[in-house]
Amino acid sequence: MGAFLRLTEDLARAQAAEADRRLAAGDGGPLTGIPVAIKDVLCVEGVETTAGSRILAGFRPPYDATAVARLRQAGAVFVGMTNCDEFAMGSSTENSGYQLTRNPHDPGRVPGGSSGGSAAAVAAGEVVAALGTDTGGSIRQPAALCGVVGVKPTYGRVSRYGLIAFASSLDQVGPFARGVRDAAIVLQAIAGFDPKDATSADRPVDLLAELEAGVEGLRLGVPHQYVEVQGMEPGVKAAVDRALLELEGAGAELVEVSLPHTDYGLAAYYIIAPAECSSNLARYDSVRFGYRAEDADTLLDTYLRTRRQGFGPEVRRRIMLGTYALSAGYYDAYYLKAQKVRTLIADDFARAFQRCDAIVSATSPTVAFPIGSRTQDPLAMYLCDVLTLGANLAGLPGVSVPCGTSQGLPVGLQVLAPQWADAMALRVARAYEVVRGG
Ligand code: GLN
């Protein structure tokens with residue numbers, strides 16, 4: 001299936017032995033001895049970490065990312081590093097510089113992306129939970145396509161220290177698991193203030209207290225723009241409509257809300273994310289770490305050849321798009337305008353949340369698509385994110401929870417909540433699981 005880029009067998013054995021000791025001594029927690037996988041963008045001390053890119057081949061970080069360190073502290077057992085789109089840029093994991101990952105529900109189809117390896121590993125039962133990152137949907141979309149739970153926390157909830165950055169105003173680290181409770185337990189362990197990340201918030205994190213509180217009396221917003229979105233498959237729409245009725249049956253009140261700038265979100269995201277990536281990826285110059293082209297004879301030539309050989313086509317496309325959007329003469333027309341659209345989208349959500357406690361929609365307009373079917377058309381690939389990237393632009397928490405099937409393949413239900421209301425998004429997702437008998 002190709003979920004893992006590399007296994008960390010020795011580390012796993014050592015951690016498992018330590019977990020045995022802790023459990024025997026009666027001092028284990030909920031994650032002690034639990035096998036987990038780490039997306040290849042989060043630094044694990046001494047373990048090759050490449051962001052799915054050839055340019056980082058051989059890079060062994062000298063430290064753990066904070067999210068990784070906290071799982072290690074909690075006694076989790078690291079099974080390996082999971083495949084992803086190069087630098088998390090993509091929606092199918094086909095942009096990995098190393099290998100394909102197949103969807104466990106149909107090996108001819110993609111697992112989604114960019115955290116496709118983490119989603120597939122959990123869906124196949126290879127691990128109990130996994131870490132991913134979500135910049136425009138990269139946790140929620142693969143979770144939906146693989147039939148597992150994925151959580152994108154509020155921006156600032158989880159430290160990004162030790163995360164290989166893609167777009168720093170959008171990136172968040174979050175968990176995959178088979179059920180909402182497991183995902184909430186992992187998120188509880190990794191969330192919270194970290195002095196090493198100035199964007200991490202110093203606010204209390206309590207994700208489990210209200211988890212079983214149900215949806216009785218809650219107002220769930222249904223934005224018609226998310227229902228009528230381009231490319232929505234009838235089977236996905238039907239599954240989500242059924243879920244809405246089931247939530248209503250459990251006591252929720254469905255209210256129509258409007259997110260009028262939805263159509264501009266994709267364009268704004270694909271200016272802002274490439275702009276930030278062009279800046280973040282400037283550091284890969286081959287001088288201090290990673291791959292270096294052998295055949296260069298000047299310093300400039302070393303940079304040029306290393307970056308041309310080390311980065312794949314999608315990453316090069318994004319760097320060029322971003323550099324263009326930020327260049328003098330174009331900055332106002334593209335980057336500045338995209339930032340203004342971003343504010344309008346955040347305002348849309350703020351207005352909608354005056355009328356509801358959470359927003360419910362499909363996570364992805366389609367089920368998992370066949371391998372190779374969108375690789376020649378970047379715009380078709382970008383459309384995968386149309387329902388997820390609004391939450392990133394606005395900094396909101398979102399959960400994808402399995403909600404039946406279409407064409408025999410998993411469909412995901414997305415639950416979005418106001419900033420810092422991660423517990424509300426998890427509570428609604430959990431209530432839906434209970435309605436379905438989970
Ligand atoms: N698919 C989106 C992109 O390619 C989102 C990726 C992500 O969330 N990391 O940018």
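Computed from a prediction, not measured in an experiment: that's the story for all the values here.
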*Evaluate the criterion side-chain hydrogen bond (donor to acceptor under 3.5 Å, both in side chains) for residue pair K39 and S118; output intermediate values, then yes/no.*
CA-CA 6 Å; K39 184 179 181 181; S118 287; over 6 Å; no
*For A167 and T135, which heavy atoms make the closest approach, and how far apart are they?*
CB-CG2, 3.8 Å
_Restricting to non-hydrogen atoms, name the atom on V411 and the atom on V240 that form the minimum distance, rounded to 0.1 Å._
CG1-CG2, 4.4 Å
*Near-ring test Y269/Y382, centroid separation under 6.0 angstrom*: no
*Of all pairs that satisfy salt bridge (charged side-chain N to carboxylate O under 4.0 Å, His left out), the ones with a partner from residues 405-425, not counting sequence neighbours*: R157-D422
*Can you pull the salt bridge (charged side-chain N to carboxylate O under 4.0 Å, His left out) pairs that have at least one residue in residues 220-240, sequence neighbours excluded?*
K237-D241
*For Y98, enumerate each residue passing the ring-ring contact (aromatic ring centres under 6.0 Å, His included) test, keeping only those at least two apart in sequence or located in another chain.*
none
*asked:* I need the I271 CD1 to Y335 OH distance, nearest 0.5 Å.
replied: 10.5 Å
*Keeping to residues at least two apart or across chains, list the side chain to side chain donor-acceptor pair (under 3.5 Å) pairs with something in residues 366-375.*
none
*Quick one: do S168 and N280 satisfy side-chain contact (heavy atoms from CB on, under 4.5 Å)? Show the steps, please.*
CA-CA 8 Å; S168 302; N280 273 327; 3.0 Å; yes
*Using a cut-off of 6.0 Å, state whether more than 12 heavy atoms not belonging to E212 lie near its atom CD.*
yes
*Might you work through the salt bridge (Lys or Arg N to Asp or Glu O under 4.0 Å) test for E314 and R318, ending with a clear yes or no?*
CA-CA 6 Å; E314 181 62 22; R318 304 267 183 125; 2.6 Å; yes
*For atom OH of Y334, is the number of surrounding heavy atoms from other residues, nucleotides or ligands below 6.0 Å larger than 12?*
no
*Looking just at side-chain N and O atoms, do E86 and S53 make a donor-acceptor pair shorter than 3.5 Å?*
yes
*Check against side-chain hydrogen bond (donor to acceptor under 3.5 Å, both in side chains), S138 and S114*: CA-CA 5 Å; S138 279; S114 65; 2.8 Å; yes
_To check you understand the geometry: which heavy-atom pair defines the closest contact between P111 and L145, and what is its length?_
O-CB, 3.8 Å
*Show your working on side-chain contact (heavy atoms from CB on, under 4.5 Å) between L321 and Y270 and close with a plain yes or no.*
CA-CA 9 Å; L321 280 172; Y270 276 98; 5.8 Å; no
*Can you tell if the side chain of F311 reaches within under 4.5 Å of the side chain of I319, non-hydrogen atoms only?*
yes
*Report yes if some heavy atom in the side chain of V149 is under 4.5 Å from a heavy atom in the side chain of E433; otherwise report no.*
yes
*Indicate yes or no: at least one non-hydrogen side-chain atom of D197 is less than 4.5 angstrom from one of T66.*
no
*Tell me, please, which residues at least two apart from E94 pass side chain to side chain donor-acceptor pair (under 3.5 Å).*
S92
_Test side-chain contact (heavy atoms from CB on, under 4.5 Å) on V36 and L131; report intermediate values, then the result._
CA-CA 8 Å; V36 300; L131 292 186; over 6 Å; no
*asked:* Once salt bridge (charged side-chain N to carboxylate O under 4.0 Å, His left out) is applied, what residue pairs with a partner in residues 242-267 remain, sequence neighbours excluded?
replied: E246-R436
*Does F87 have its ring centroid less than 6.0 Å away from the ring centroid of Y284?*
yes
*side chain to side chain donor-acceptor pair (under 3.5 Å) partners of Q188, counting only residues at least two apart*: none
*Which heavy atom of A417 sits nearest a heavy atom of L396, and at what distance?*
O-CB, 3.5 Å
*Taking atom types as modelled, find out whether T199 and R160 have a side-chain donor-acceptor pair closer than 3.5 angstrom.*
yes
_Student check: side-chain heavy atoms of I359 and F353 closer than 4.5 Å_ = yes
*asked:* Within the structure provided, determine whether E126 and V79 are in side-chain contact (heavy-atom separation under 4.5 Å).
replied: no
*Please identify each residue that fulfils salt bridge (Lys or Arg N to Asp or Glu O under 4.0 Å) with R355, with sequence neighbours left out.*
none
*Non-neighbouring partners of D64 that pass side chain to side chain donor-acceptor pair (under 3.5 Å), sequence neighbours left out*: R72
*Listed by chain and number, what are the salt bridge (Lys or Arg N to Asp or Glu O under 4.0 Å) partners of R60, not counting sequence neighbours?*
none
*Summary of salt bridge (charged side-chain N to carboxylate O under 4.0 Å, His left out) pairs that have at least one residue in residues 391-420, sequence neighbours excluded*: none
_Test item: D194 and R70 side chains (from C-beta on) under 4.5 Å apart, heavy atoms_ = yes
*Please tell me if the side chains of I38 and L71 come closer than 4.5 Å, counting only heavy atoms from C-beta onward.*
yes
*What residue among R140, K152, Q141 forms side chain to side chain donor-acceptor pair (under 3.5 Å) with Q414?*
R140
*With H261, which residues qualify under side chain to side chain donor-acceptor pair (under 3.5 Å), at least two apart?*
D348
*asked:* Any non-hydrogen side-chain atom of V127 less than 4.5 Å from a side-chain atom of V122?
replied: yes
